[in-house]
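What follows is a set of notes on a single structure, which appears directly below.
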There are 2 protein chains.
Amino acid sequence: MSEVTDSMPRRTGKRERLVDSATALVYRQGIERTTLAQVAADADVPLGNVYYYFKSRDELLRAVVDARLDEIRGFLSELDSVASPQARLRALAQNWTTVADDVVMYGCPIGSLTVELNKHLGGARDCGPLLLREVVDWAARQFRELGYADAEVQAESLIARIQGVALLASAFHDRSLLEREFSSIERGIRAPAKNAR
Amino acid sequence: MSEVTDSMPRRTGKRERLVDSATALVYRQGIERTTLAQVAADADVPLGNVYYYFKSRDELLRAVVDARLDEIRGFLSELDSVASPQARLRALAQNWTTVADDVVMYGCPIGSLTVELNKHLGGARDCGPLLLREVVDWAARQFRELGYADAEVQAESLIARIQGVALLASAFHDRSLLEREFSSIERGIRAPAKNAR
DNA sequence: GTCTATATAGCGATAGAC
DNA sequence: GTCTATCGCTATATAGAC
């Protein structure tokens with residue numbers, strides 16, 4: 001992510017619009033079904049102009065992953081202002097229910113992109129693990145603070161469960177499944193029992 | 001799935017080879033990256049001949065989903081011969097660890113296909129829920145027999161956890177995560193506590 | 001039934017005027 | 001920096017000989 005300086009061209013917002021459109025289209029349609037023509041049209045930018053901002057389709061895809069990464073980091077750093085690690089973890093889980101309609105329709109924005117990147121053959125494939133890694137590492141820090149000796153394991157287990165629930169809820173388009181399981185997930189976030197500490 | 005009868009053309013195996021090749025390629029590369037030329041070459045069938053067996057690419061994709069469905073049904077009916085419902089559920093979970101290398105590399109064959117079908121726009125999109133539905137319904141029958149009043153909920157929770165673990169293990173290409181979490185999953189399959197019955 | 005050759009369309013990417 | 005026009009390729013799908 002480059003900063004805007006005086007030596008750079010004036011901020012037109014076109015690059016940002018392209019990334020936003022691409023992010024939304026990739027979320028709804030998947031990576032391979034999303035064409036540059038669709039992205040350009042949605043962002044209201046002429047097709048040929050896309051290549052002024054990105055030298056290839058794959059580079060635009062990397063920008064999409066970067067945008068998701070920024071989104072995740074921003075959200076997690078907001079959560080850091082919540083008082084207790086338990087409340088922070090519960091607030092994290094609650095986030096999937098606040099976008100329940102999208103999750104039920106298109107799956108988890110992070111999880112489904114991760115699955116697709118894992119089958120992608122271009123250069124953006126390497127970015128695949130980064131998204132969930134960010135979330136797992138943050139959750140591990142919370143579990144550590146909560147008193148768990150196996151904080152990384154707890155974090156992977158929690159995020160796995162969240163991802164699995166999002167997958168099933170979207171596969172079945174079942175919002176009540178999502179709400180019920182996330183209630184259970186949030187209830188399960190507790191300080192460790194003494195023998196597990 | 002049509003049966004072979006005397007009035008039908010002799011079984012050449014070409015259709016079966018095409019479906020097998022398509023299934024494997026879709027698993028490794030994803031739906032949209034897999035071309036008819038690749039499938040035809042892998043199955044050693046001339047490209048133009050594909051259209052004798054399938055009237056469109058989307059129909060071939062439906063055949064891939066049907067093949068996965070048959071695979072699932074066959075496996076689950078094998079499991080039905082296992083003695084106890086608890087052992088049957090554990091044997092189900094264990095299946096993901098027996099194909100651990102594939103899961104770590106390409107994800108769960110059922111889950112990743114389900115995610116992709118959910119973003120697919122063709123006619124095969126409707127087949128998306130069928131795969132996991134089969135597994136969840138089977139698991140619910142086992143939980144019912146085990147004595148759970150909320151067998152469907154238990155089944156959805158179990159399959160969600162399995163899918164989430166497969167997703168994380170493939171995202172991080174982490175075999176030990178997969179083995180550790182599936183140990184935990186198998187240990188967690190038990191008869192209900194009295195107050196939950 | 002089988003296979004070659006090809007039609008047709010849409011994609012990523014580029015050239016070059018402004 | 002911006003945009004139009006278009007190139008070259010590859011994909012699905014078809015036509016028609018055998």
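Below, read A as the first sequence line, B as the second, and so on, with proteins coming before strands; counting in each chain starts at 1.
- Distance A:Arg33 CZ to C:dG10 C1': 13 Å, rounded to the nearest Å.
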Check: protein-nucleotides 4-6 of chain C nitrogen or oxygen pairs below 3.5 Å:
none

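- Across the protein-nucleic acid pair, A:Arg15 atom CZ and D:dT2 atom P stand 13 Å apart, rounded to whole Å.
- C:dA15 atom C1' lies 19 Å from atom NZ of A:Lys55, rounded to whole Å.
- Residues passing the ring-ring contact (aromatic ring centres under 6.0 Å, His included) test with A:Phe54: none are found, sequence neighbours excluded.
- Rounded to an integer number of Å, the gap from CG of A:Leu60 to P of C:dG12 is 10 Å.
- Shown here are the side-chain hydrogen bond (donor to acceptor under 3.5 Å, both in side chains) partners of A:Ser184, two or more places apart in sequence or in another chain: A:Arg161.
- C:dC3 atom C1' lies 16 Å from atom CG of B:Leu36, rounded to whole Å.
- Between the P atom of C:dA13 and the CD atom of A:Glu59 lies a distance of 10 Å, rounded to the nearest Å.
- A:Ile31 places its CD1 atom 17 Å from the P atom of C:dC11, with the value rounded to the nearest Å.
- Residues satisfying the ring-ring contact (aromatic ring centres under 6.0 Å, His included) test with B:Phe172, not counting sequence neighbours, are none.
- Applying the salt bridge (charged side-chain N to carboxylate O under 4.0 Å, His left out) test to residues at least two apart or on different chains, none of the pairs has a partner in residues 117-132 of chain A.
- Of the listed nucleotides (C:dT2, D:dT2, D:dA13), D:dT2 has the atom at the smallest distance from the side chain of A:Tyr52.
- Each of D:dA13, D:dA11, C:dA13 was ranked by its minimum atom distance to the side chain of B:Thr35; first place goes to D:dA11.
- Applying the salt bridge (charged side-chain N to carboxylate O under 4.0 Å, His left out) test to pairs two or more places apart or on separate chains, those with a residue in residues 83-109 of chain B are B:Arg88-B:Glu145, B:Asp101-B:Arg175.
- Under the 3.5 Å distance criterion, the side-chain polar atoms of A:Ser56 are matched with a main-chain donor or acceptor of A:Glu59.
- The side chain of B:Lys14 lies closest to C:dT2 when the candidates are C:dA13, D:dC3, C:dT2.
- Contact check, A:Tyr51 against C:dA15: no side-chain N or O comes under 4.0 Å of OP1 or OP2.
- With rounding to whole Å, B:Glu32 atom CD is found 14 Å from C:dC11 atom C1'.
- Test A:Asp20, A:Val39, A:Thr35 against A:Leu25 for side chain to side chain contact (heavy atoms under 4.5 Å, CB included) and you get one pass: A:Val39.
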